[in-house]
Number of protein chains: 2
Amino acid sequence: MFPADARPSLTASARAVFRRLVLDGPSTRPQIGPLLGLSRPTMSAAIAELERIGYVDEIGVVQGTMGRRAVKYRAGRGAGHIIAVDAGATHVRLRLATLDRRLLHSRVHRLPTRQLMLNEEISAAVADEVAAAIAERQDEWGPLRVVGIALPTRVVDKGLDWDATRQNVIFSRFSPPGGVDLVLENNVNCAAVAERFYGAAKDWPTFAYIQIGLKIGMGLMLGGELVRGRNGAAGEIGHLSFPFAPGLLPVAGEAERYMGTEALIARVRADWPADAGAPPLDTRELLSRAEAGEPAALVHVDRHATDVGALIAACVSVVDPGLVVLGGGMGASPLLLPKTREVANRLSYPVEVENSALGSDATVLGIERLAIDRAMSFLLGDDPITP
Amino acid sequence: MFPADARPSLTASARAVFRRLVLDGPSTRPQIGPLLGLSRPTMSAAIAELERIGYVDEIGVVQGTMGRRAVKYRAGRGAGHIIAVDAGATHVRLRLATLDRRLLHSRVHRLPTRQLMLNEEISAAVADEVAAAIAERQDEWGPLRVVGIALPTRVVDKGLDWDATRQNVIFSRFSPPGGVDLVLENNVNCAAVAERFYGAAKDWPTFAYIQIGLKIGMGLMLGGELVRGRNGAAGEIGHLSFPFAPGLLPVAGEAERYMGTEALIARVRADWPADAGAPPLDTRELLSRAEAGEPAALVHVDRHATDVGALIAACVSVVDPGLVVLGGGMGASPLLLPKTREVANRLSYPVEVENSALGSDATVLGIERLAIDRAMSFLLGDDPITP
DNA sequence: GCTTCTATGTTAGGCACATTAACAAACAAA
DNA sequence: TTTGTTTGTTAATGTGCCTAACATAGAAGC
C-alpha cells in the first residue's frame, strides 16, 4: 500500500476513529463520534482521511427507528491482516484475521507426539502452517502486517540473556516472511492477554493468570499492561525455588517439578490405597474420578488444591492482583476452586479465584490480540519503525 | 490564590514548561525550549501565562560565554508548597518544601519509645509536627497544597478492606488541615520512590526495594509506576506464608516472623558458641562484630544473607525486576551483599543487588516526591478535583 | 401525496495553539 | 566602534478542532 518509511501522517481524531473501528468492529459515525467526543464535521474529516488511504471501507447502511440512515464502516482492506500462531507442545494453532478480528483462515495442527520443549519439530510445523496460510492469500485481505508467535519459552529482547532462553529455536526451521513485523511472546502471557480481553478477566485491568498443568507459569497484567520483567522472567513461578523453609536447602525450579502434573500423578500413584482399584493414569482420569465422587481421588485433588492455594498466596503477597484466573490441565478444573480459594485467602489478602473461560484457545487469541496491537501501532506510526 | 474549582486552564506547552521547572529546578527558556521541542515564541507565551497566575517567578539572569544573557525562572510563589511526613516507629520526620524541592523547614522528632505499630502516640507526634510546621508559615511560601504522610501500614482506597488495615489510626490525634489535599502511602513504597528518583535506582524504571529489618517489606516499581495492588498489599512479602514445603503446614505472615531482626537475634543468641564471648544484643552489634571479623558473627550474617537471597529469588521469579535495592536495618549492610547476590542469582534469574543509597531519609524523600506529584497534578488540573 | 419530525451529513466561519521568518535587544570579543 | 552570538518579540501562517446553520434522506402523520 505504501512503503514502511512513508506511512501517512494522520490527525489525532482519525487515529482515534481507526482505533475504535479496530477494537469495536464495524460502526457508524454517530456511534463513534459521541464515544470519542468528536463533532460531526470532525468525524467527516477523519473518515474521509482514513478512506482515502484505504484504512477504512464503507460496508453498508443501517436504519434506526427514524431519520436518515447511517453509513457503516469497518477497518479497510489497506489496513491489512495478521497471522497469529500458538506454537504449543501438542498442537500448533493458527489464526489469520483482519485487524478487527474477522477470521479469514484458521488451522489446528496436531503434532504427532508431545514435545517437551520448543524444538525443530515445532519450528517445522510453524513454518508449514504459516506458509500454507500465506498461500491462501486473497487480494481483499490487503497486506500481511504482522506475524505473532506464542512460544513456550521465556521471551527476551535481543542483547540481554537471549542465549539463555530457547526462543531462537523457533527460527531453526521457520523464517519470518520479509517485510513483515514479527511479534514473539510467551504463551502464558498470551493466555493472560486473552483472558483479559475476552475471558474471565474482562474489565479487570489488574489480575494474574496462573497455569497449572504439566508446567507452572503465570501471566501478570497490571493496570492493563503485561508485566514482562527485565529478563522476560516475570511470572516464571514454576522456577520458584522450593522448598522454602528453615534448615531446608532450596532448589531452583523445584516448584514446577513438585507442582507439575507429572510429579502429582507420581505422588497419586505412590499413595493410592490398595482397595481403591487401579490408580489413575493421568490428570484427566484423576479429575473425572474425583468428579464421580471417588474418595481416594478427591483426597488428592484436595491436596493439590491446597498446594495451588499456597502458590497463589505467594503471588498475592508479592503483587496483590485481586483476581487470579486458573488455567492449564489441572487449573481449568472447577473441582480445585473451593479449596484453592479458601487456602489462598487464608494465607494472604483478598483474591478472587476463577477458572479460565477460554480453555485451549486462550493462547492463540492472546497472540492474535498482541499482533493486532502491533499492526495498529505500526499503521498509526506511534512506534519505532524497526525495533 | 484561587478556589479549587476554578483552577486556570493552561495550554499544553505551559503545563509542560511548569512540569520541567518543578522537576529540574530553576531554568532558563533556552534550556527548557529545546528540551521540550518548543519554539521561542511558544516559550514566551507559556512563561507569560505561568507568570501571570503566579506559577512561575523570575529569579535572575545567567550569562553564557557569549551573547545576550537569559532570564532564569523557577516554580513561583503561587505554586505553593507541600509538607511530607514519615510517621515511623522510632522517629517522625518532616520536610516542608516548595514543589521544586527547596527545603523551607524540616524536623526529626524522636519518639520516646519504639512503637510496634501505627498508634495514637505516632498520630499525636504527627499532629504536633504538622501544626508546628504550619505555624512557621511565611508569605513567600505561597499556599500549602498537599500534606503527604508515609505510614507503616498497608494503604488502601476507602471502600475496599479499609478496616482491615490500621491506616485510619493516623487520624486518631491528627486532623489534616482543611482545603489541603492529603496523600497517604506505605512507607516502604515511599522508600522505593526515593531510591528511584534520588538513590540506587536512578535510571531504573523497573526495580524492587526490599526492606530487611524489624519488618520485611517490598516496594515495587514497574515501568516507573509504583505497584500497589488491589488491596494495597503488593510487596507485603513479610506476609508470605512460610514454610512452603511438601508436608509442612504454611502459616500466614510467618516469613516476617522468621526473617525479621527479632527472630534473627533470638536464633543468634540461642546458637552462640560458649567460647565466643557474650552474644550480640542487637543487629547493629551483630553487624559490627561481623565486620571486625568475629567468626561466630560472620556465620550468622552469612546464614541470614542466604535467607535474604532466597527471599529475593522468590520475588524475582514472580516479577523479575532486574534490580533489587536492599534497605532496612539489616538490608542496608554491605556485609550481606556477596552471599545474597550469589544465592539470589543461583536460585532465579539475573538480578543486580545493591544497598540503599539514602538510608533513613529514604521514606521522607519518597513521600515528598509523591506529595509534589500530587500538587503538580492538582495545579495542572489533570486529576479528579476531590477523590 | 403532502407535510412534519428526526437523524445524518456538509458547509462556513472562527478560535486555540502551535509554527516559521524576520526583526530587535543585549551581551562578549575583536 | 564594530562584529558575531544569543535571547527575546512581532507578524504572518497553518492545523485541527469547534459551533452554527444548512442540506439530505428517511419514517410517521394527516
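On a predicted model such as this, the values are computed, not experimentally measured, just so you know. Naming convention: chains lettered A, B, ... in sequence-line order (proteins, then strands); numbering from 1 in each chain.
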To the nearest Å, give me how far apart [atom1] ([X]) and [atom2] ([N]) are.
| X | N | atom1 | atom2 | result |
| --- | --- | --- | --- | --- |
| B:Leu36 | C:dA18 | CG | P | 11 Å |
| B:Leu10 | C:dA16 | CG | P | 15 Å |
| A:Met43 | D:dT19 | CE | C1' | 17 Å |
| B:Glu49 | C:dA16 | CD | C1' | 11 Å |
| B:Tyr73 | D:dT7 | OH | P | 12 Å |

Can you pull out the residues from residues 21-35 of chain B that lie within a 4.0 Å heavy-atom distance of DNA chain D?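 Within this stretch, B:Arg29, B:Pro30 sit under 4.0 Å of the strand.
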Can you confirm whether B:Glu225 is buried at CD, in the sense that more than 12 heavy atoms of other residues, nucleotides or ligands lie under 6.0 Å from that atom?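 Atom CD in B:Glu225 is not crowded, with 12 or fewer foreign heavy atoms closer than 6.0 Å.
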Could you grab the distance from atom CZ of B:Arg145 to atom CD1 of B:Ile82, nearest 0.5 Å is fine?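 If we round to the nearest 0.5 Å, B:Arg145:CZ and B:Ile82:CD1 are 12.5 Å apart.
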As an exercise, state the distance from CD of B:Glu195 to CH2 of B:Trp204, rounded to the nearest 0.5 Å.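 Answer for the CD-CH2 pair, B:Glu195 versus B:Trp204, is 13.5 Å.
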Could you check whether any side-chain N or O of A:Glu49 sits under 3.5 Å from a backbone N or O of A:Thr11, counting only pairs where one atom can act as donor and the other as acceptor?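 Flag set: sc A:Glu49 to bb A:Thr11 pair under 3.5 Å.
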Main chain of B:Leu379, side chain of B:Tyr55: is a donor-acceptor contact present, judged purely on distance under 3.5 Å?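 Yes; judged by distance alone, with no hydrogens or angles, the pair exists.
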Establish, yes or no, whether the cationic atom of A:Arg369 lies under 6.0 Å from the six-membered ring centre of A:Tyr198 and within 45° of the ring axis.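 No, cation not above the ring by the 6.0 Å, 45° rule.
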Per-nucleotide protein contact string for nucleotides 21-30 of chain D, where B marks a base within reach and S marks sugar-phosphate only (heavy atoms under 4.0 Å, - for neither): --BBBBS---
Taking the side chain of B:Thr11 as its heavy atoms from C-beta onward, which of C:dA18, D:dT10, D:dC17 lies nearest to it?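 Ranking C:dA18, D:dT10, D:dC17 by closest atom to the B:Thr11 side chain puts C:dA18 first.
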For the side chain of A:Pro41, counting heavy atoms from C-beta on, which of D:dA20, C:dG9, D:dG8 is nearest?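 Nucleotide nearest to A:Pro41's side chain: D:dA20.
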Between A:Thr42 and B:Ala70, which is nearer to the 5' end of DNA chain D once each is assigned its nearest nucleotide?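 Closest to the 5' end, via its nearest nucleotide, is B:Ala70.
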C:dA18 phosphate, OP1 or OP2, under 4.0 Å from B:Ser13 side-chain N/O: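 Result: yes.
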Looking at B:Ser39, does any N or O in its side chain come under 4.0 Å of the phosphate oxygens OP1/OP2 on C:dT20?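 So the side-chain polar atoms of B:Ser39 never come under 4.0 Å of the phosphate oxygens OP1 or OP2 of C:dT20.
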Is any side-chain heavy atom of A:Leu50 closer than 4.5 Å to one of A:Leu10?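 Side chain of A:Leu10 against side chain of A:Leu50, heavy atoms only: contact under 4.5 Å found.
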So do B:Val147 and B:Pro176 actually touch side chain to side chain, heavy atoms under 4.5 Å?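 Of all side-chain heavy-atom pairs linking B:Val147 with B:Pro176, none is under 4.5 Å.
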Is a salt bridge present between B:Asp100 and B:Arg74, judged by a nitrogen-to-oxygen distance below 4.0 Å?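 Here B:Asp100 does not pair with B:Arg74 in a salt bridge, since their nearest N and O are not under 4.0 Å apart.
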With a non-hydrogen cut-off below 4.0 angstrom, is B:Ala12 in contact with a base, only sugar-phosphate, or nothing?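 If one applies the 4.0 Å heavy-atom cut-off, B:Ala12 turns out to touch the sugar-phosphate alone, with no base involved.
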